[in-house]
Amino acid sequence: MSTPQLLFKNRRPGETVFLKGYRATGGYQGLEQAFRDLTPEEIRQRVNDSNLRGRGGAGFPTGVKWGFFPHDKPGPKYLVCNCDEMEPGTYKDGELLAADPHQLVEGMIISAYALQTDVGYIFIRYAYEQQAENLRRAIAEATEAGYLGKNILGSGFDFELHVHGSAGRYILGEETALLNGLEGKRPNPRLKPPFPAVKGLFGRPTTVNNVETLANIQHIITGGADWFRDLALTIDGSGTKLYGLSGHLNRTECHELPVGTPLRQIVEEYGGGVWQGRKFKACLPGGASTPYLTAAHLDVALDFDSLEAVGSRFGTAGVTVFDDRTCMVAATLNLIRFFERESCGWCTPCRDGLTMVAWLLQMLEAGQATPEHHGMLRDQLANISGTSFCALAEGAMGPLAGLLEHFEQEIADHIKKGCCPFQ
Amino acid sequence: MAHEENIEQAGLLEEEQIAEFIHHAGQIEHPREMIIDILRAIQKNHGWVPDEGVELTATILGLTALEVEEIATFYDKIYRKPVGRYPIHICDSICCWSRGGEELAAHLQEKLGVALGQTTADGLFTLLPSCCLGGCGRAPGVMVDQRFYGNQNAEEIEKLIEKLRQEAAA
Ligand SMILES: Cc1cc2nc3c(=O)[nH]c(=O)nc-3n(C[C@H](O)[C@H](O)[C@H](O)COP(=O)(O)O)c2cc1C
Ligand code: SF4
Ligand code: FES
């Protein structure tokens, strides 16, 4: 494999690497280097120079986010890792923690030092119990080794790290809902501002980052910002990315590849081509909330800017492929039903709007829709976009927008034929 | 904060568990963050969380039952109604859907003779639809006892059911 493996370098099928194995391939050297040679400010600067962008879906530059953080404000501050990972098609963080939990633990300790936070939480979904156990063991090992706890490596810096389990629900991945959930409150999202950096967990300054984002930090320390940027295939991109493949491919696995890997290579080389000898019709490039790409996009580089340029999003890089026998109305109905069921119910565009969209798509799929319903679908897209309290409903509009942009003909066919043309 | 002796027990938590939760709650700044942990512990012992479980959690943490209830009912993996020995969460999200998830759910319903949301007469299985379980690369899949079983089809799922039946009988 030509791509340097940072996050997946210790991954072996069915195995989990703990402290000994992790150290054997250079684990905790980044941490030792950071505490020995760098000030917190220098670490933040290096992360900023690396151009690392958040791996949780929104792609916000990590260095910029960290720049907002009041690291010198006295009193308790928190670093929270988001391992809710419940967006359909996204399973990369689960794969990483199943294989190599110390990747996250090391990254969090260095990040905590850079941000001068004294307590960290890993918020982890219910279904990842094995991963949570791996983390508890890794945390115990790191504490034993003097990487966690009081006066880490004689630096005078203290950091404690906790694993916090959840009990289902996608909305917990939204960072302010997550904070409410962690506090033991009903997990509706919070109004922003104030942003978590100002008033987050328990009302105190908090940074929330994704698992993969945090696991990249030690590699940026050891390899340097320039090296990290050069890992990407695109000029503006940086680093590697965990691409989780799913859907109608011959092989549906998770791979660490350069940011900017073209879709065609993902489908053909890593996915082994579309299954059952069929043709590629469409894909979700970055999880359930990203607008579809079509066969016309096979040469697009999978990166934040290049995907935005074609009207989609890089999201979490969970690539779900659909073959040419897939009804895109039915696929979109499935996606909308997911968002509808997972809606927290706080705001009307999402609570009522998504139900309406699901009903319209159901009418179409059942062959009972008229051109008027097609128009109503467009209206709902316009009404819901930009009006919801948090980004869940906005995300739900991704596949709907993709359907209306690329598959108008399919919608019209459902209406004209009075049934689903794929059945 | 509650004292151990005040708590009505109903066998939902072991005495040592209660003592441990109370001790921990006394040590941390925001004990309310333990709600899910306690509800999950009750569910693990009792199979589901009855009203007494909500009240017990409230007593341990010094909250009202309503404050606990609004949390308990938010999460789909906290069961506020009785379920079978093995709740089977069937993923109905897009990756599983694309690889036969609907057929799998139909097969399970037929095989067990219950609809989604129902429990088999022998009290062993409850079928529950679930959103993505994080096993999208091994679709379609189900989750039982917080374990994901991927690459399922009619034959595989029957083997799993049989395995669980034997486990329960043992
Ligand atoms: C409905 C919803 C679900 C989300 N789920 C996740 C998730 O599971 N994991 C995650 O890291 N970010 C998720 N996010 C994004 C987070 O709100 C937040 O942007 C992210 O954790 C920040 O980390 P990053 O900057 O390192 O990407 C979600 C956002 C929304 C609106
Ligand atoms: S968009 Fe509104 S209803 Fe939907 S999850 Fe966000 S806050 Fe809740
Ligand atoms: S979509 Fe079924 S496990 Fe993710």
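Sequence lines set the chain letters: A, B, ... in the order given, protein chains first and strands last, and positions in each chain run from 1.
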Contact part of B/Phe148 toward chain A, heavy-atom cut-off under 4.5 Å: side chain, backbone, both or neither? neither

Does either side chain, that of B/Glu33 or that of A/Tyr121, offer a donor lying less than 3.5 Å from an acceptor on the other one? yes

Is it the side chain or the backbone of A/Glu183 that comes within 4.5 Å of chain B heavy atoms, both, or neither? backbone

Here the gap from A/Thr320 atom OG1 to B/Ile94 atom CD1, rounded to the nearest 0.5 Å, amounts to 7.5 Å

Report the option among A/Glu85, A/Arg125, A/Glu87 that has the most heavy-atom pairs separated by less than 4.5 Å from atoms of chain B. A/Arg125

Spell out, as yes or no, whether a donor-acceptor pair under 3.5 Å connects the side chain of B/Asp37 to the backbone of A/His164. no

Part of B/Ile36 within contact of chain A (heavy atom distance under 4.5 Å): side chain

Any chance you could measure B/Ser130, atom OG, to A/Arg341, atom CZ, to the nearest 0.5 Å? 6.5 Å

B/Glu155, CD: over 12 other non-hydrogen atoms inside 6.0 angstrom: no

Does CH2 belonging to B/Trp48 count more than 12 external heavy atoms closer than 6.0 Å? yes

From the list A/Ala288, A/Gly165, A/Gly94, A/Gly247, the residue making the most non-hydrogen contacts under 4.5 Å with chain B is A/Gly247

Using heavy-atom distances under 4.5 Å, tell me whether A/Pro187 contacts chain B through its side chain, its backbone, both, or neither. both

Looking only at atom types and distance, does a side-chain atom of A/Gln130 sit under 3.5 Å from a main-chain N or O of B/Arg147, one as donor and one as acceptor? no

At a heavy-atom distance under 4.5 Å, which candidate from A/Asp93, A/Leu172, A/Leu245 has the highest pair count against chain B? A/Leu172

Under 4.5 Å, counting heavy-atom pairs only, tell me which of B/Leu133, B/Ile35, B/Ile78 racks up the most with chain A. B/Leu133

Per-residue contact mode, A/Leu249 against chain B (heavy atom under 4.5 angstrom): backbone

Under 6.0 Å from the CD atom of B/Glu110, do we count more than 12 heavy atoms belonging to anything else shown? no

Would you say the side-chain atoms of B/Asp76 pair up with the backbone N or O of A/Gly168, donor to acceptor, closer than 3.5 Å? no

Does A/Arg325 CZ have over 12 foreign heavy atoms under 6.0 Å away? no

A/Arg186 side chain vs B/Ile71 backbone, donor-acceptor pair below 3.5 Å: no

Honestly, the part of B/Glu67 sitting under 4.5 Å from a heavy atom of chain A is neither

Under 4.5 Å from any heavy atom of chain B, what part of A/Glu342 do you find: side chain, backbone, both or neither? side chain

Would you check if the side chain of A/Arg169 reaches a backbone N or O of B/Tyr75 as a donor-acceptor pair within less than 3.5 Å? no

Between A/Phe202 and B/His30, how do the two ring planes meet: parallel, tilted or perpendicular, split at 30° and 60°? parallel

Between A/Phe338 and chain B, with a heavy-atom cut-off of 4.5 Å, which part of the residue counts as in contact: side chain, backbone, both or neither? side chain

A quick test of your reading: do over 12 heavy atoms of other residues, nucleotides or ligands sit less than 6.0 Å from CD of B/Glu20? no

I'd like to know if A/Glu129 pairs up with B/Arg40 as an ion pair, taking the criterion as any Lys NZ or Arg NE/NH1/NH2 lying under 4.0 Å from an Asp or Glu carboxylate oxygen. yes

If you look at every heavy atom in B/Cys95 and A/Pro88, which pair is closest and at what distance? SG-C, 4.5 Å

Chain B contacts, top residue of A/Tyr128, A/Tyr91, A/Tyr126 (heavy-atom pairs, under 4.5 Å): A/Tyr126

Do NZ/NE/NH1/NH2 and the carboxylate oxygens of A/Arg337 and B/Glu102 come within less than 4.0 Å? no

Going from OG on B/Ser98 to CH2 on A/Trp275, what distance comes out if it is rounded to the nearest 0.5 angstrom? 6.5 Å

Only one of B/Ser93, B/Cys132, B/Cys131 forms a side-chain contact (heavy atoms from CB on, under 4.5 Å) with A/Met86, so which one is it? B/Cys131

Please classify the contact between A/Lys185 and chain B as side chain, backbone, both or neither, with a heavy-atom cut-off of under 4.5 Å. both

So, the part of A/Arg251 with a heavy atom under 4.5 Å from chain B: the answer is neither

Go through the steps to decide whether A/Thr326 and B/Trp97 satisfy the test side chain to side chain contact (heavy atoms under 4.5 Å, CB included), and finish with yes or no. CA-CA 11 Å; A/Thr326 310; B/Trp97 174 86; 4.1 Å; yes

